[in-house]
2 protein chains.
Amino acid sequence: MKKVNERLSITSDDSPKKVYIEIVRQLRAMIEKDGLKAGDKIPSERELSERLNAGRSSVREALRALELLGLIETRRGEGTYIRDFRGNQLVQLLGTFILQDKKAIADVIETKHFVERDCLEIALMKNGEKEFSSLKKWVAEHNVDDDRFFGKIAMLADNHLIYRIWQILKDYYHSLNTHEFQPTKEQYLELADALAQGNENLVEAAYRKLRNLSEV
Amino acid sequence: MKKVNERLSITSDDSPKKVYIEIVRQLRAMIEKDGLKAGDKIPSERELSERLNAGRSSVREALRALELLGLIETRRGEGTYIRDFRGNQLVQLLGTFILQDKKAIADVIETKHFVERDCLEIALMKNGEKEFSSLKKWVAEHNVDDDRFFGKIAMLADNHLIYRIWQILKDYYHSLNTHEFQPTKEQYLELADALAQGNENLVEAAYRKLRNLSEV
DNA sequence: ATCTCAAGGTGGTCAGACCACGGTTTCTTT
DNA sequence: AAAGAAACCGTGGTCTGACCACCTTGAGAT
């Protein structure tokens, strides 16, 4: 005789969330609380079902979703484990799945451009001639590509969040096959130089040039 | 008497994929083949279960996963629909999982500001006096708050991806208890007016004022 | 000490049963 | 005839119980 009330589905403060969504939250809380790390095992489906007072199917819906996202890994006969999620395959899945129409592609490109410009601006704001001189030197001495260069810029911007966003956008972008020409080393240098000079307009211009943008 | 063989689970040419994964693929193929677009309805769970020769629970596992990814949307009593948010929710989830270090607050605020500014700029770029006059009118006639106003701006920017990103940042922001003063209606009006005038510098200034930003 | 194999735990899947909700149809009531 | 109310049906939401396949473990046989 279980209490039929006070199940997860009823917890609604206001929003009648689906059980599996609530389970995802609980799972997240549980992971945080217990300090579970990549590779650690999480409770079995049946145990979760009991502890969270939900049906096993609902637990599975949550777990399967997290699995498709690449956040956990399940091995039959063994159990479910937290995964070292970084980057990974969901991007690819999304790419093949949804990024098919041109509007979406355009959105990705546009957003990426703006975020990159933001990173440049933030980096400019938070750094001085010294750091950018190092950057120039680094560009001159290494093989730079887009990823590496803007990776460094994002670092200089010292904003973890926007860095993550940029990475995701970058991954999206790479999953499109619309790779255009790579900027030349000279263009990177010019951009780094503009940063070193601390001139925002120069930076903007150099970035546009590097991205072959014409519009304002 | 159904044939127990040749179910989806047995189709393994080489890899013993899970049924729900196979269903995701089938679904993707189905969408592509039938040329389904955002907003279109996909077959019911029961029908899919039959057509794909799989249990309804497996179908649901696949659908729930896609839902968490933001690729589809389900409405009880109605059906399941293809969604046009690309990018999206995955970012949210990743963020929720990754952004657990508390000191990221400043990053959230900073990033939100920049993204909002981007939205303003994109909106400015893609719209004319007409649209912004409507916006002004709307602001004047309704109770505006931050969410609603920038929601509209993001819409005008016509970029679902950056809109999603903004929503996420907004949610983060709200989850911090650092709620500062709300802008006044006049400030929103001023911003809308600057947009209507098509003057980027004015827009920037109005936004800074609204956000009480001093720098730069 | 080593090997064998049965037992138990775990994920994988399915079928069936309800419920809640939205839309449609049909039947009242006015 | 028009407007409102009730029944009906399809849909997602959830739970339960039943198997299956696989892995780990440990008791017993060697």
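Reminder, nothing fancy here: chain letters follow the sequence lines and each chain counts from 1. Given the structure is predicted, the values throughout are model-derived calculations rather than measurements.
Look at CD on B:Glu67: it is 6 Å from P on D:dG13, rounded to the nearest Å. When the P atom of C:dC14 is taken as reference, atom CD of B:Glu22 falls 12 Å away, rounded to whole Å. When the P atom of C:dG11 is taken as reference, atom CD1 of B:Ile21 falls 17 Å away, rounded to whole Å. If you measure from atom CD1 of A:Ile72 to atom P of C:dT10, you get 15 Å, rounded to the nearest angstrom. Look at CG on A:Asn53: it is 8 Å from P on D:dT16, rounded to the nearest Å. Separating the CD atom of A:Glu73 from the P atom of D:dC23 is a distance of 14 Å, rounded to the nearest angstrom.
Every residue two or more places apart in sequence or in another chain that forms a side-chain hydrogen bond (donor to acceptor under 3.5 Å, both in side chains) with B:Thr74 is listed here: A:Lys18, B:Glu67. Annotation: side chain to side chain contact (heavy atoms under 4.5 Å, CB included) contacts of A:Arg75 (sequence neighbours excluded): A:Glu73, A:Glu78, A:Tyr81. Here B:Phe149 pairs with B:Tyr188 under the ring pair (Phe, Tyr, Trp, His ring centres under 6.0 Å) rule; sequence neighbours left out. The side-chain hydrogen bond (donor to acceptor under 3.5 Å, both in side chains) test applied to B:Glu50 returns no partner, not counting sequence neighbours. In this structure, the salt bridge (Lys or Arg N to Asp or Glu O under 4.0 Å) partners of B:Arg51, at least two apart in sequence or on a different chain, are B:Glu47. In this structure, the side-chain hydrogen bond (donor to acceptor under 3.5 Å, both in side chains) partners of A:Lys112, at least two apart in sequence or on a different chain, are A:Glu116. In this structure B:Ser133 satisfies the side chain to side chain contact (heavy atoms under 4.5 Å, CB included) test together with B:Glu129, sequence neighbours excluded.
Residue contacts shown for B:Ser58 are limited to sugar-phosphate atoms, with no base heavy atom under 4.0 Å away.
Salt bridge absent: B:Glu186 and B:Lys209 never bring a charged side-chain N and a carboxylate O closer than 4.0 Å.
In the helix from C:dA1-D:dT30 to C:dT30-D:dA1, the end axes, each obtained as the rotation axis mapping the C1' atoms of four pairs onto the next four within a five-pair block, lie 30° apart to the nearest 10 degrees.
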Quiz item: Which parts of nucleotides 7-12 of chain D does protein reach within less than 4.0 Å, heavy atoms only, written one letter per nucleotide 5' to 3' as B for base, S for sugar-phosphate only and - for none?
Solution: ---BBB
